[in-house]
*Asks:* 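A single structure is presented below for examination.
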Amino acid sequence: MTTRLYTHPIYLEHLTPEGHPERPDRLRALEEALGREIFDALDRKKSPCSTTDKVLLAHPEEHLQAVTSAIPDEGLVQIDADTTASPKSLEAALTAIGGAIAGVDDVFTGGADNVFVAARPPGHHAEKDKAMGFCFFNQAAIAARHAQHHHGAERIAIVDWDVHHGNGTQDIFWDDTSVLYCSTHQMPLFPGTGAKDESGAGNIVNAPLSAHASGDHFREAFKARVLPALENMKPDLIIVSAGFDAHHRDPLAQINLTEDDFDWATGQLMTIAERSCDNRLVSLLEGGYDLQGLAESGATHVARLMKG
């Protein structure tokens, strides 16, 4: 099993205010964890920088122009109450897209069996025409559209286990039955979406968890709602919005997952990927704001991808 890792130093140059949870140290902690000897077999690559036209696979031109025009020449600018732009933020966001697209290309052309993209800023809160929740563009949505347009994928599944609901991904694919969106998340919690009855055209599967839910609750929700939807769809590609902020240490939520829960969920998705799409799985880093919880959970996730 060949697992490829995409990352890039530019991700550290997307700056946020002091004390902001989505900070460069997140990637530093994860990169340190992935530097251990057990990860020597990782196929490590620098993420390429995407061209701006790739943004238009999931967002209108007006949104691209709005984000581009908001990037400051110096200092920091607030996009909304949670989202900050710095001079290198656009380049970082485009390189996050580039890593996601490269990962899709790899799994369709045989360059790798699966891929993990350790990038920031994250993407799953970015709606069609709105940057929010630390996110400028929706990398998972863009990667899905790229797989459809460039590799002929007919059925794509996006599985999102970030503790915050991926309102942006749901918004983009709300009535598109070629893309299945499945999410486990704490509710109520930011951004306020993700109820079970939000089902789109039957392609949206939400499995909300109550505050203080345990790993057993998470696994039951996964088995009851997410896995049957995936088995029924038989996707040509699985994209994971891999947030690790449902970890019990995370300061922004109250779900009590451990590294073993992320290992288990990764294994479940890999089993389906093996059966339905020749192992094709691309995982994109989303949230995770306790450095230890993020590093340990992310490393466990990647180690499981490498096991095959």
*Asks:* Donor-acceptor pair, distance only, cut-off 3.5 Å: does the side chain of S50 make one with the backbone of I97?
*Replies:* no
*Asks:* With a 3.5 Å distance limit and no angle check, can you tell me whether E286 reaches the backbone of H124 through a side-chain donor-acceptor pair?
*Replies:* yes
*Asks:* Answer yes or no: is there a donor N or O on one side and an acceptor on the other, between the side chain of D250 and the main chain of Y289, under 3.5 Å?
*Replies:*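 Yes, the answer is positive, given that a donor and an acceptor are paired below the 3.5 Å cut-off.
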*Asks:* Output the distance between atom CZ (R225) and atom SG (C182), rounded to the nearest 0.5 Å.
*Replies:* 9.0 Å
*Asks:* Using a strict cut-off of less than 4.0 Å between a Lys/Arg side-chain nitrogen and an Asp/Glu carboxylate oxygen, indicate whether K128 and D171 qualify as a salt bridge.
*Replies:*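 Salt bridge flag = no for D171 with K128.
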*Asks:* Kindly work out whether a path of hydrophobic side-chain contacts (I/L/V/M/F/W/Y, heavy atoms less than 4.5 Å apart) joins I238 to I142.
*Replies:* no
*Asks:* Sequence neighbours left out, what passes ring pair (Phe, Tyr, Trp, His ring centres under 6.0 Å) with H217? Give chain and number order.
*Replies:* none
*Asks:* Where the side chain of R4 meets the backbone of G103, is there a donor-acceptor pair that is under 3.5 Å apart?
*Replies:* no
*Asks:* Are V226 and M233 in one and the same hydrophobic cluster, where Ile, Leu, Val, Met, Phe, Trp and Tyr link if side-chain heavy atoms are under 4.5 Å apart?
*Replies:* yes
*Asks:* Please check: side-chain N/O of H20 versus main-chain N/O of D82, any donor-acceptor pairing under 3.5 Å?
*Replies:*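 Indeed, once roles are kept as given, a pair shorter than 3.5 Å links the two residues.
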*Asks:* Between the side chains of H125 and N167, does any donor sit under 3.5 Å from an acceptor?
*Replies:*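 On atom types as modelled, these side chains qualify, holding a pair under 3.5 Å.
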*Asks:* Give the cluster check for I101 versus L281: same hydrophobic cluster or not, with ILVMFWY residues linked at side-chain heavy-atom distances below 4.5 Å.
*Replies:*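 As far as the 4.5 Å side-chain criterion goes, L281 and I101 are not connected within one cluster.
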*Asks:* Would you say the side chains of N206 and Y181 form a donor-acceptor pair under 3.5 Å?
*Replies:* no
*Asks:* To check you understand the geometry: which heavy-atom pair defines the closest contact between L252 and H164, and what is its length?
*Replies:*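 Taking every non-hydrogen atom into account, O-NE2, 3.8 Å.
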*Asks:* Looking at R23 and L15, would you say the former's side chain and the latter's main chain have a donor-acceptor pair under 3.5 Å?
*Replies:* no
*Asks:* Would you say the side-chain atoms of Q186 pair up with the backbone N or O of Q254, donor to acceptor, closer than 3.5 Å?
*Replies:* yes
*Asks:* Using distance alone, with no hydrogens and no angle criterion, decide if S241 and D162 have a side-chain donor and acceptor under 3.5 Å apart.
*Replies:* no
*Asks:* Using atom types as modelled and distance alone, determine if a side-chain donor or acceptor of T16 lies under 3.5 Å from a backbone N or O of E22.
*Replies:* yes
*Asks:* Taking the six-membered ring for Trp, are W161 and F222 parallel (under 30°), tilted (30 to 60°) or perpendicular (over 60°)?
*Replies:* tilted
*Asks:* According to a hydrophobic-cluster definition based on side-chain heavy atoms being under 4.5 Å apart (Ile, Leu, Val, Met, Phe, Trp, Tyr only), do L294 and F262 belong together?
*Replies:* yes
*Asks:* Do you reckon M132 sits in the same ILVMFWY cluster as F137, going by side-chain contacts under 4.5 Å, direct or chained?
*Replies:*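 No, because M132 and F137 fall into different hydrophobic clusters, even though each may have its own neighbours under 4.5 Å.
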*Asks:* Kindly write out the residues that satisfy ring pair (Phe, Tyr, Trp, His ring centres under 6.0 Å) with H14, not counting sequence neighbours, or none if the list is empty.
*Replies:*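 Once residues adjacent in sequence are excluded, the partners of H14 under the ring pair (Phe, Tyr, Trp, His ring centres under 6.0 Å) criterion are F136.
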*Asks:* Do D245 side-chain atoms and G287 backbone N/O form a donor-acceptor pair below 3.5 Å?
*Replies:* no
*Asks:* Verify, without hydrogens or angle tests, whether R120 (side chain) and Y11 (backbone) share a donor-acceptor contact under 3.5 angstrom.
*Replies:* yes
*Asks:* Establish, from distance only, whether the side-chain atoms of S89 and S86 form a donor-acceptor pair under 3.5 Å.
*Replies:* yes
*Asks:* Check the side chains of S283 and H301 for a donor-acceptor pair under 3.5 angstrom, ignoring hydrogens and angles.
*Replies:*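 Yes.
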*Asks:* If only side-chain N and O atoms count, and only distance matters, is there a donor-acceptor pair under 3.5 Å linking E154 with S178?
*Replies:*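 No pair is found: no donor N or O on one side chain lies under 3.5 Å from an acceptor on the other.
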*Asks:* Say whether H247 and D261, considering side chains only, have a donor N or O and an acceptor N or O under 3.5 Å apart.
*Replies:* no
*Asks:* Will you find, in the side chains of D80 and T83, an N or O donor that is under 3.5 Å from an N or O acceptor?
*Replies:*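 The answer is yes; a qualifying pair exists.
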*Asks:* If every non-hydrogen atom of P87 is compared with every non-hydrogen atom of E74, which pair is closest and at what distance?
*Replies:*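 Scanning both residues, the minimum pair turns out to be CG-CA, 3.6 Å.
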*Asks:* Classify the side-chain pair T169/N138 by whether it contains a donor and acceptor separated by less than 3.5 Å.
*Replies:* yes
*Asks:* So which heavy atom on H185 is nearest to which on H165, and how close?
*Replies:*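 Smallest heavy-atom distance, with atoms named: CE1-CD2, 3.4 Å.
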*Asks:* How many angstroms lie between OG in S276 and CG in N232, if you round to the nearest 0.5 Å?
*Replies:*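 Between atom OG of S276 and atom CG of N232 there are 11.5 Å.
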